[in-house]
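Here's the structure, in structure tokens; my notes come after.
This one's a predicted model, so the numbers in the text were calculated from it and none came from an experiment.
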2 protein chains.
Amino acid sequence: MKIDTIGVQAFVAIAECGSFQTAAESLFLSQAGITRRLQNLEDYLGVKLIERTTRSMALTQVGAEFLPHAKRLLIELAGSLNEIRDSGRLKRGSVTIACVPTVGVRFLPRIIQAYSRQYPENHIKILDHTSAGVSRAVLQREAEFGITIAGSHHAELFGVPLIEDKFVLVCRDDHPLANLPALEWRDLEPHPLISIGQFSGNRPLLDRAQQENGVSLQSLYEVQRVSTALGRVAEGVGAAVLPGLALQREAYPRIRVLKLGNPVVSRGLVLITRKTAELSPAAEALYELVKSYQDNAE
Amino acid sequence: MKIDTIGVQAFVAIAECGSFQTAAESLFLSQAGITRRLQNLEDYLGVKLIERTTRSMALTQVGAEFLPHAKRLLIELAGSLNEIRDSGRLKRGSVTIACVPTVGVRFLPRIIQAYSRQYPENHIKILDHTSAGVSRAVLQREAEFGITIAGSHHAELFGVPLIEDKFVLVCRDDHPLANLPALEWRDLEPHPLISIGQFSGNRPLLDRAQQENGVSLQSLYEVQRVSTALGRVAEGVGAAVLPGLALQREAYPRIRVLKLGNPVVSRGLVLITRKTAELSPAAEALYELVKSYQDNAE
DNA sequence: GATTATTTTTGCGAAAAACTGATCAATCTC
DNA sequence: GAGATTGATCAGTTTTTCGCAAAAATAATC
């Protein structure tokens with residue numbers, strides 16, 4: 001059950017060089033070493049592979065049959081090994097990460113651009129998930145790391161805070177609040193709002209903020225996705241409290257975005273990995289890049 | 001440029017066992033040894049392949065991608081190596097030999113039968129050649145050994161005499177010589193004979209025999225193959241001096257075979273190999289078998 | 001046919017490496 | 001929190017490997 005390539009390597013070298021001496025040189029070894037290696041292999045196999053005199057050398061029947069296999073195996077092994085080495089040295093390979101939709105749309109693109117400039121060959125796959133889904137994907141190793149909304153940590157996960165995404169009021173320019181200079185949560189109470197459904201990670205944050213500040217907002221309409229809410233606002237149905245990062249400014253010209261104070265409520269975005277994770281070099285590079293964007297966010 | 005399977009073997013074992021301890025046992029190694037082997041491989045690759053805590057272990061992204069390749073390579077290598085080992089231990093494999101047509105038809109079949117009983121899996125390929133062709137085939141390694149007519153040895157060839165194939169007179173039952181009790185070469189002089197062409201290894205033997213004994217035979221007809229000569233004899237064209245082994249008794253009912261004395265001329269059959277040859281185990285076995293038939297021939 | 005020259009094999013001491021056993025650290029179970 | 005299990009680490013020993021030099025083998029040459 002003792003498998004070793006060292007002898008095979010010697011065999012192939014000798015066969016290709018046509019001489020022990022040159023083969024030894026090509027393997028940076030003394031000719032005595034080569035002889036020993038081949039002898040060991042032949043002893044193990046119980047068959048001579050190379051027929052040799054001092055003047056000439058030729059493959060045995062068995063040796064000739066083995067050579068192509070041996071060569072191919074060696075090349076494939078070396079290839080695999082080198083590929084992995086490259087993946088480490090050059091941080092090559094593809095990376096799969098998971099994040100909540102907002103992050104994927106607004107936060108990541110510029111980071112990915114920067115990453116692609118540095119590692120043009122690498123492919124990044126982004127899994128859009130709810131905040132719970134991101135944790136799950138990371139835990140199950142579907143993604144090497146994730147970006148999600150701060151909250152309850154799973155014990156095996158390790159989080160690094162990235163940025164605070166402040167909640168803002170979104171309304172159309174003809175909304176009563178549209179032109180107020182400063183806005184507080186209490187100001188919203190009279191106005192019916194479009195709210196985001198249960199599954200979004202934003203909801204618990206908003207509910208708690210209301211409770212702690214004794215504010216009670218009216219939910220007029222409940223939608224599941226931020227983009228839907230935005231559409232309703234644009235249609236004039238009402239205003240909505242949304243995470244600032246979720247907005248794509250250009251999409252609707254008449255929409256106003258107002259800062260909300262007293263208190264400033266925000267959702268923290270965190271970069272999560274498994275505590276014991278060994279990231280692939282390509283992923284490690286992206287991870288570090290994301291971390292470096294910690295503060296220069298909106 | 002340093003390729004070695006030992007680490008890869010450890011990696012695969014660990015991945016498959018799901019534990020260092022059991023992997024160590026499966027490789028008949030201590031746990032520390034396994035750890036070391038994997039560490040060496042990982043150091044060489046510059047990448048962690050297995051993510052491990054004392055309690056759990058899982059493949060890294062890179063490791064997971066590598067595992068199937070590694071497994072396949074190892075299996076193929078072990079397979080090739082074992083195949084060769086078997087070829088030695090069980091003398092498995094196919095053998096190619098070269099011989100002159102006569103031998104292939106009359107001398108070899110029973111040997112091959114015996115060989116096949118002992119090594120039913122082995123395949124024997126026989127190359128029919130002229131006597132010069134047999135030498136060439138052996139020298140050029142087309143055949144592992146050969147059986148041909150004794151004569152000039154090439155320096156690199158080594159011959160073992162096998163049997164003496166005596167020349168006989170072949171004639172139809174209505175031929176004047178057909179019923180003579182004993183026959184000498186001189187008796188043939190009055191009769192026109194069918195002779196075998198230049199390329200046959202028999203010709204020089206016959207010519208020399210005539211010269212040495214002052215006998216001069218009449219060549220009526222020259223054909224290239226023994227079987228053709230036999231056909232002509234059967235048609236009543238004349239008699240022929242042929243090597244005894246060449247005859248298939250059953251073929252022509254009216255044909256008589258007469259021993260030729262004074263002198264008895266025979267062609268020696270020799271078993272030839274290259275002097276430096278390393279026969280494959282399967283060939284070696286056949287070689288020895290052929291040699292054992294040295295004397296019990298017709 | 002003996003000699004020479006070249007190349008492989010072998011012997012041996014030194015060096016490197018791998019292996020083991022014990023111990024340590026971390027995690028999980030009870 | 002104690003005990004058990006598992007991988008990592010370390011030191012010491014064994015094994016293997018390597019390179020040099022001498023020897024053996026073989027082809028070429030004279």
Side-chain angles (χ1 to χ4, degrees), chain A residues 1-44 48-60 63 139 154-158 274-278, chain B residues 1-44 48-60 63 139 153-158 273-278:
Chain A
M1 245 307 171
K2 203 176 146 194
I3 305 173
D4 198 346
T5 18
I6 201 168
V8 180
Q9 194 178 203
F11 164 62
V12 172
I14 298 171
E16 297 208 313
C17 295
S19 131
F20 281 59
Q21 301 241 68
T22 43
E25 285 165 25
S26 81
L27 292 179
F28 306 101
L29 218 75
S30 72
Q31 63 279 61
I34 278 275
T35 300
R36 284 260 165 60
R37 285 188 178 184
L38 184 66
Q39 277 177 346
N40 287 341
L41 178 63
E42 286 180 337
D43 286 353
Y44 171 75
K48 279 259 185 303
L49 294 175
I50 294 181
E51 204 175 89
R52 42 205 193 265
T53 70
T54 57
R55 225 39 172 215
S56 65
M57 56 138 299
L59 294 175
T60 297
L139 279 171
H154 186 287
E156 280 187 23
L157 291 178
F158 172 72
R274 279 170 299 119
K275 277 181 183 163
T276 60
E278 290 286 348
Chain B
M1 251 297 183
K2 200 179 145 194
I3 304 173
D4 197 353
T5 20
I6 200 168
V8 180
Q9 193 178 204
F11 164 63
V12 171
I14 298 171
E16 296 208 313
C17 295
S19 132
F20 280 59
Q21 303 244 64
T22 43
E25 286 165 26
S26 80
L27 292 179
F28 306 101
L29 220 76
S30 73
Q31 171 262 320
I34 277 275
T35 300
R36 203 72 186 293
R37 284 189 180 183
L38 185 66
Q39 278 175 347
N40 286 342
L41 177 62
E42 287 179 337
D43 286 353
Y44 171 74
K48 278 259 185 303
L49 294 175
I50 294 181
E51 206 174 87
R52 44 207 192 264
T53 66
T54 56
R55 218 52 185 185
S56 65
M57 54 138 299
L59 293 175
T60 298
L139 279 170
H153 276 307
H154 187 285
E156 281 186 23
L157 290 179
F158 172 72
T273 53
R274 280 171 297 119
K275 277 182 181 160
T276 60
E278 291 285 349

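Between the CG atom of A:N40 and the P atom of D:dT17 there is a distance of 6 Å, rounded to whole Å. If you take CD of A:E25 and P of D:dC18, they are 16 Å apart, rounded to a whole angstrom. The distance from atom CG of A:L27 to atom C1' of D:dG19 is 15 Å, rounded to the nearest whole Å. If you measure from atom CD of A:Q9 to atom C1' of D:dC18, you get 15 Å, rounded to the nearest angstrom. Straight-line distance from the CD atom of B:Q21 to the P atom of D:dT5: 10 Å, rounded to whole Å.
Between B:E51 and A:R274, the closest side-chain pair of non-hydrogen atoms falls below 4.5 Å. Between A:I34 and A:Q21 there is no side-chain heavy-atom pair separated by less than 4.5 Å. Side-chain atoms of B:L59 and B:L49, non-hydrogen and from C-beta on, never get closer than 4.5 Å to each other. Taking 4.5 Å as the limit, every side-chain heavy atom of A:D4 sits out of range of all side-chain heavy atoms of A:Y44.
For DNA chain C, the outermost nucleotides in 5' to 3' order that have an atom under 4.0 Å from a heavy atom of chain A are C:dT6 to C:dC12.
If you check every strand for non-hydrogen atoms under 4.0 Å, B:D4 touches nothing. Nucleic acid contact class of B:I34 (heavy atoms, under 4.0 Å, all strands): none.
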- Query: Can A:T276 and B:T53 be said to form a side chain to side chain donor-acceptor pair (under 3.5 Å), step by step?
  - Reply: CA-CA 7 Å; A:T276 60; B:T53 66; over 6 Å; no
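Across every non-hydrogen atom of A:A13 and A:L27, the tightest pair is CB-CD1, 3.9 Å.
Legend: residues meeting salt bridge (charged side-chain N to carboxylate O under 4.0 Å, His left out) with B:R52, ordered by chain and number and at least two apart, are B:E42.
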- Task: Would you give a per-nucleotide map of nucleotides 20-30 of chain D, 5' to 3', where B means the base has a protein non-hydrogen atom under 4.0 Å away, S means only the sugar-phosphate does, and - means neither?
- Result: B----BBSS--
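When the shell of 6.0 Å around CD of A:E156 is examined, it contains 12 or fewer heavy atoms from other residues, nucleotides or ligands.
In this structure, A:L29 CG and A:I6 CD1 are separated by 8.0 Å, a value rounded to the nearest 0.5 Å.
Dashed line: the shortest gap from a side-chain N or O of A:Q31 to OP1 or OP2 of D:dC18 is not under 4.0 Å.
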